Amino acid sequence: QVQVVESGGGLVEAGGSLRLSCTASGLTFGKSAMGWFRQAAGKEREGVACIIYNGDRSYYGDSVKGRFAISRDNAKNTLYLQMDSLQPEDTAMYYCAASSLSVCLGTWSSAGGFGDWGQGTQVTVSS
């Protein structure tokens, strides 16, 4: 059974930084593309970033390009999201997800290929 667990969320002031972590078990982590998604209250889920199985290529949602960075450590079965220059509009529940594929689909931002999800970690950015 696949288990995905996020951590690292919290309250931060605008302009600040946070790093989210995600550990995954029950799958061959090093063969799975991984992604971060978020959902703000009253809004639809949004694709934040996707990284292919070996970390050589990553993709970002337009709203986070240049501010967020996704990375992975396959030896530790861990995915990261470094978030810099945070803004109040980044406030959301952040979810980590594992793909059944090794690469990010063209539909990754709408969760294409992602079937295993964590419970989420809350990020709140104050103005």
Side-chain angles (χ1 to χ4, degrees):
Q1 184 177 357
V2 177
Q3 286 193 317
V4 179
V5 180
E6 306 93 338
S7 62
L11 174 64
V12 63
E13 292 185 350
S17 298
L18 277 177
R19 188 175 82 154
L20 305 184
S21 298
C22 166
T23 58
S25 60
L27 75 166
T28 307
F29 184 84
K31 292 186 178 181
S32 299
M34 298 292 295
W36 287 101
F37 297 81
R38 69 185 182 184
Q39 188 166 19
K43 295 188 176 181
E44 292 189 354
R45 183 177 59 197
E46 175 187 10
V48 175
C50 180
I51 188 168
I52 69 170
Y53 71 104
N54 62 1
D56 281 357
R57 186 163 290 185
S58 55
Y59 306 85
Y60 296 91
D62 288 342
S63 61
V64 306
K65 282 179 182 176
R67 300 188 299 123
F68 290 12
I70 189 171
S71 62
R72 63 191 297 160
D73 185 339
N74 286 349
K76 296 181 178 180
N77 280 22
T78 302
L79 178 74
Y80 303 100
L81 183 68
Q82 178 67 41
M83 305 185 294
D84 298 323
S85 302
L86 283 161
Q87 299 301 317
E89 52 266 35
D90 295 315
T91 295
M93 186 71 79
Y94 283 71
Y95 298 92
C96 174
S99 175
S100 59
L101 307 172
S102 60
V103 296
C104 303
L105 293 176
T107 55
W108 75 265
S109 63
S110 55
F114 291 95
D116 294 295
W117 296 78
Q119 293 299 307
T121 185
Q122 178 68 38
V123 172
T124 302
V125 185
S126 64
S127 58

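Only a predicted model underlies this, so the values are computations on that prediction, with no experimental measurement involved.
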Problem set entry | For Val12 against Leu86, the heavy-atom pair lying closest together | CG1-CD1, 3.6 Å

Problem set entry | Atom pair CE/SG of Met34 and Cys104 - distance to nearest 0.5 Å | 10.5 Å

For this session: Taking the side chain as every heavy atom from C-beta outward, state whether Ser63 and Arg38 have any atom pair closer than 4.5 Å.
Result: yes

Exercise. Hey, does the side chain of Thr91 reach the backbone of Val125 with a donor-acceptor pair shorter than 3.5 angstrom?
Worked result: yes

Exercise. Quick check: are there more than 12 heavy atoms from other residues, nucleotides or ligands sitting under 6.0 Å from OH of Tyr53?
Worked result: no

Exercise. With a 4.5 Å limit on heavy-atom distance, are the side chains of Trp36 and Cys22 in contact?
Worked result: yes

For this session: Please work out whether the ring planes of Trp117 and Tyr95 are parallel, tilted or perpendicular, with thresholds of 30° and 60°.
Result: perpendicular

For this session: Please report the shortest heavy-atom distance between Cys96 and Leu79, naming the atom on each side.
Result: SG-CD2, 3.6 Å

For this session: Would you please test Ser17 and Asp84 for side chain to side chain donor-acceptor pair (under 3.5 Å) and show each step?
Result: CA-CA 4 Å; Ser17 298; Asp84 298 323; 2.8 Å; yes

Seminar exercise, completed: Between Met93 and Gly120, the two heavy atoms sitting closest are SD-C, 3.7 Å

Seminar exercise, completed: Scanning both residues in full, the closest heavy-atom pair of Val103 with Ile52 reads CA-CG2, 4.0 Å

Problem set entry | Main-chain N/O of Tyr60 paired with Trp108 side-chain donor or acceptor, under 3.5 Å | no

Exercise. Does Val64 share a hydrophobic cluster with Leu20, counting links as ILVMFWY side-chain heavy atoms below 4.5 Å and allowing steps through other members?
Worked result: yes

For this session: Quick one: sort the Phe114 and Phe37 rings into parallel, tilted or perpendicular, breaks at 30° and 60°.
Result: perpendicular

Exercise. When rounded to the nearest 0.5 angstrom, what is the spacing between NZ in Lys31 and OG in Ser100?
Worked result: 14.0 Å

Exercise. Is there a donor-acceptor pair closer than 3.5 Å between any side-chain N or O of Thr121 and the backbone N or O of Gly9?
Worked result: yes

Seminar exercise, completed: Value for OG (Ser109) from CZ (Arg45), rounded to nearest 0.5 Å, stands at 10.5 Å

Problem set entry | Geometric cation-pi criterion, Arg72 with Phe29: 6.0 Å, 45° | yes

Exercise. Minimum heavy-atom separation for Gln122 to Ala92, with atom names?
Worked result: NE2-O, 3.4 Å

For this session: Answer yes or no: is there a donor N or O on one side and an acceptor on the other, between the side chain of Ser99 and the main chain of Gly113, under 3.5 Å?
Result: yes

Problem set entry | Cluster check Leu18, Tyr80: I/L/V/M/F/W/Y, side chain < 4.5 angstrom | no

Exercise. Ignoring hydrogens and geometry, is there a side-chain-to-backbone donor-acceptor pair from Glu6 to Gln119 under 3.5 Å?
Worked result: yes

Problem set entry | Where Ser71 and Ile51 come nearest, the two heavy atoms and their spacing | CA-CD1, 3.8 Å

Problem set entry | Backbone of Thr23 reached by a side-chain donor or acceptor of Asn77 within 3.5 Å | no

Exercise. Do Val48 and Met83 come within less than 4.5 Å of each other through their side chains, counting heavy atoms only?
Worked result: no

